[in-house]
Protein chains: 2
Amino acid sequence: MGSTQGRRPPVMADVAKEAGVSHQTVSRVLNEHPNVRSETRARVQEAIDKLGYRRNLVARALVTKHSRTLGVVSFDTTLYGPASTVYGIEQAARAAGYFVSIVSLKSIDKLGVNDALDYLTDQGVDGIVVVAPQRSAAQALAELPFGVPTVAVEGGEAGEASVVCVDQVEGGRLATEHLLSLGHETVWQIRGPSDWLEAEGRVAGWRAALKQAGRPAPEPLTGDWSPRSGYEAGRSLASMKDVTAVFVANDQMALGVLRAFTEQGVRVPDQVSVVGFDDIPESEFFSPPLTTIRQDFGAVGRHSIEVLLRQIEGQGSHERERLVVPPSLIPRASTARR
Amino acid sequence: MGSTQGRRPPVMADVAKEAGVSHQTVSRVLNEHPNVRSETRARVQEAIDKLGYRRNLVARALVTKHSRTLGVVSFDTTLYGPASTVYGIEQAARAAGYFVSIVSLKSIDKLGVNDALDYLTDQGVDGIVVVAPQRSAAQALAELPFGVPTVAVEGGEAGEASVVCVDQVEGGRLATEHLLSLGHETVWQIRGPSDWLEAEGRVAGWRAALKQAGRPAPEPLTGDWSPRSGYEAGRSLASMKDVTAVFVANDQMALGVLRAFTEQGVRVPDQVSVVGFDDIPESEFFSPPLTTIRQDFGAVGRHSIEVLLRQIEGQGSHERERLVVPPSLIPRASTARR
DNA sequence: ACCCAGAATGTTAACGCTAACAGAGCCGAG
DNA sequence: CTCGGCTCTGTTAGCGTTAACATTCTGGGT
């Protein structure tokens with residue numbers, strides 16, 4: 001119908017002709033410029049509707065230098081934590097009118113992070129969120145490409161970038177103090193890999209709480225966050241008679257620990273109390289339901305977008321921000337008074 | 001340094017001047033056009049390196065009409081299944097040189113899916129993968145926007161779009177036959193929400209297997225995939241004395257069932273055998289370790305990209321494809337001979 | 001009646017790239 | 001030695017939008 005020939009999608013000029021105005025006026029309508037007569041505006045809108053016009057965002061991005069796309073770099077989005085964080089990021093970004101382009105890393109080396117950063121800046125993203133829980137990833141942020149605003153999630157001291165994170169130290173402290181308050185002499189720990197900042201933070205909080213209470217800190221066992229590694233550490237712990245309380249650095253490993261204890265006939269919480277970390281949806285239904293530390297991943301994702309947008313929109317003032325989200329204790333049935 | 005003034009990133013013309021050639025020759029080098037003298041090529045490459053030039057993909061996309069970006073629409077990427085699928089998609093897409101722009105839906109209505117589709121086509125994606133396990137989402141695909149190639153994952157009969165999915169019926173059958181082969185008289189089921197195609201498929205497979213064995217099919221209980229709903233269904237089942245085998249439509253609900261049975265003193269697998277579905281990383285460490293049906297989400301993601309790229313690159317021939325990935329039984333300790 | 005500010009619109013020029021064509025140089029066949 | 005046909009390179013013209021400037025049209029103050 002009309003003069004629009006072929007199947008080529010209509011462009012601004014087509015709308016302009018249809019409405020009997022210049023393409024610039026169409027642009028003004030689209031961008032809600034105030035100086036357009038409301039009658040003209042209506043006529044243009046009508047033409048837009050009639051032709052089914054949609055503005056070409058690529059052309060727009062070329063001239064405005066803003067793609068309204070944010071990049072997200074994350075490690076293994078299959079895991080609950082990263083997945084929830086990325087979800088929060090995506091929701092917040094879209095609510096703010098931004099697209100989200102994602103890169104999931106399988107390995108976490110500096111090279112991989114740098115590649116991902118380059119890749120995204122090539123695409124012309126307006127800003128980047130790096131979910132970088134490993135020390136190596138965080139270090140990669142120290143040398144940013146050029147002027148692309150960046151926010152690190154769980155990024156420790158991430159060089160130039162702003163940081164949004166959960167207070168891991170506080171989480172470790174909460175878990176440990178909870179166990180001590182139940183009358184346990186001391187608290188053992190199954191920690192995460194040493195490359196992970198979160199693991200370090202949780203160890204620090206645990207150590208601090210023990211020290212404050214004047215209790216000895218046993219040598220922590222180390223897992224790799226997987227249920228299997230928790231299972232193996234749990235088997236070691238089961239054979240040690242003086243263990244009455246264990247702080248496991250994440251819920252998945254805690255599941256492995258519960259499994260090992262069950263197999264070895266160690267009753268939880270009667271003989272040993274166990275606290276996890278993360279509060280994954282499953283942990284409420286472990287046997288027994290797991291006392292754990294909740295991290296509000298959604299809040300972390302939302303905050304990271306807030307910080308990033310502030311940085312993008314407030315051009316000059318790029319003061320580094322550091323936003324810390326508090327964790328909370330979720331008491332359930334895996335812990336009991338000694 | 002050199003003649004490049006200010007902090008403005010270099011463009012093709014800058015490289016051209018530096019190398020003493022025309023910008024078109026630079027373009028040729030970048031696009032690996034054969035007709036460039038190798039000496040010239042080297043000189044251009046040198047200039048590129050010297051200036052740290054990176055080509056502007058937005059400008060490129062404007063003229064080529066290809067953004068090399070794929071859109072992914074998914075429901076709740078917090079869940080293990082969607083998260084793994086999206087991960088597989090992202091890996092495969094990036095390996096093929098495509099960016100991935102993601103939209104996570106919180107609600108699954110047709111409107112939401114259509115909005116997401118519009119949103120992504122506005123951005124100028126070259127193709128879209130919709131992870132649409134619900135009937136309503138699949139229906140939304142029936143009315144596609146315009147010429148954007150689309151692939152549905154778990155999309156049943158998704159109108160025009162190609163489909164990649166796991167054979168849910170086969171999965172339901174595998175689970176049921178496994179239990180029957182262990183000597184159970186019949187198999188109960190806790191199914192997923194009726195809006196989900198996957199839930200329907202699993203019910204169909206279960207029913208088919210029972211029918212083939214000439215056994216009665218009890219009325220299935222319905223959950224919403226969450227551990228809690230499994231827990232509640234499990235409590236009902238625990239009170240029924242003739243239940244010896246239960247097929248639970250996903251692992252999370254199976255966890256809830258195990259929890260309920262444990263509380264009620266029903267021993268698994270001595271009194272009741274339980275089979276789950278998905279093989280999430282945790283299920284090997286449930287108490288007892290869960291027999292389940294594994295879905296290869298990674299393969300689904302990879303295949304969906306293969307199909308999509310075939311559709312994008314082979315312009316005219318848009319024959320609908322349908323690719324089915326087989327599930328497999330993972331026998332563990334939650335099932336035993338009657 | 002006149003002028004001027006401001007509103008409303010139009011015209012032109014980028015943005016940074018690739019496509020299409022044009023031209024220069026070179027080789028071997030006739 | 002001339003011509004056709006290669007290879008290599010340059011020139012020009014868009015892609016569809018917004019920005020900047022130019023122009024026309026109002027309406028009120030003098």
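Heavy atoms only: backbone and side chains are in, while hydrogens, waters and symmetry mates are out. What you are looking at is a predicted structure, and each value in this text was computed from that prediction instead of being measured.
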**Student:** Please tell me which of the listed nucleotides, dC15(C), dT11(D), dG10(C), lies nearest to the side chain of L62(A)?
**Tutor:** dC15(C)
**Student:** Below 4.0 angstrom, N of the basic side chain to O of the carboxylate: do E306(A) and R302(A) qualify?
**Tutor:**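 No salt bridge links E306(A) with R302(A).
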**Student:** Starting from the 5' end of DNA chain D, give me the residue, V63(B) or V21(B), whose nearest nucleotide shows up first.
**Tutor:** V21(B)
**Student:** Quick one: on DNA chain C, does V36(A) or H23(A) contact a more 5' nucleotide (nearest heavy atom)?
**Tutor:**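 Result: V36(A).
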**Student:** Hey, what's the ring geometry for F75(B) with W196(B), parallel, tilted or perpendicular (30° and 60° as the breaks)?
**Tutor:**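 Ring orientation, 0 to 90° scale: perpendicular.
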**Student:** Side chains of T69(A) and Q123(A): donor-acceptor distance under 3.5 Å anywhere?
**Tutor:**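 Per modelled atom types, T69(A) and Q123(A) side chains form no pair under 3.5 Å.
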**Student:** Between dT11(C), dC17(C), dG16(C), spot the one nearest the side chain of S22(A), thanks.
**Tutor:** dT11(C)
**Student:** Of the listed nucleotides (dC8(D), dA8(C), dC21(C)), which one gets closest to any side-chain atom of R28(B)?
**Tutor:**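 Nearest nucleotide to the side chain: dC21(C).
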**Student:** Is E90(A) salt-bridged to R94(A), going by a charged N under 4.0 Å from an acidic O?
**Tutor:** yes
**Student:** Counting side-chain heavy atoms from C-beta on, which of dA8(C), dG16(D), dT18(D) comes nearest to K65(B)?
**Tutor:** dG16(D)
**Student:** Regarding N56(A), tell me which of base, sugar-phosphate or nothing describes its non-hydrogen contacts under 4.0 Å with the strands shown.
**Tutor:**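 Sugar-phosphate, backbone atoms only, no base.
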**Student:** Can you identify which nucleotide, out of dT17(D), dT9(D), dG16(C), has its nearest atom closest to the A59(B) side chain?
**Tutor:**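 Of all the options, the side chain of A59(B) is nearest to dG16(C).
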**Student:** Nearest to the side chain of N35(B), heavy atoms from C-beta on, is which of dT9(D), dT18(C), dT17(D)?
**Tutor:**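 Between dT9(D), dT18(C), dT17(D), the one nearest the side chain of N35(B) would be dT9(D).
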**Student:** Looking only at side-chain atoms of Q24(B), point me to the closest of dT18(D), dT17(D), dA19(C).
**Tutor:**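 For the Q24(B) side chain, the nearest candidate turns out to be dA19(C).
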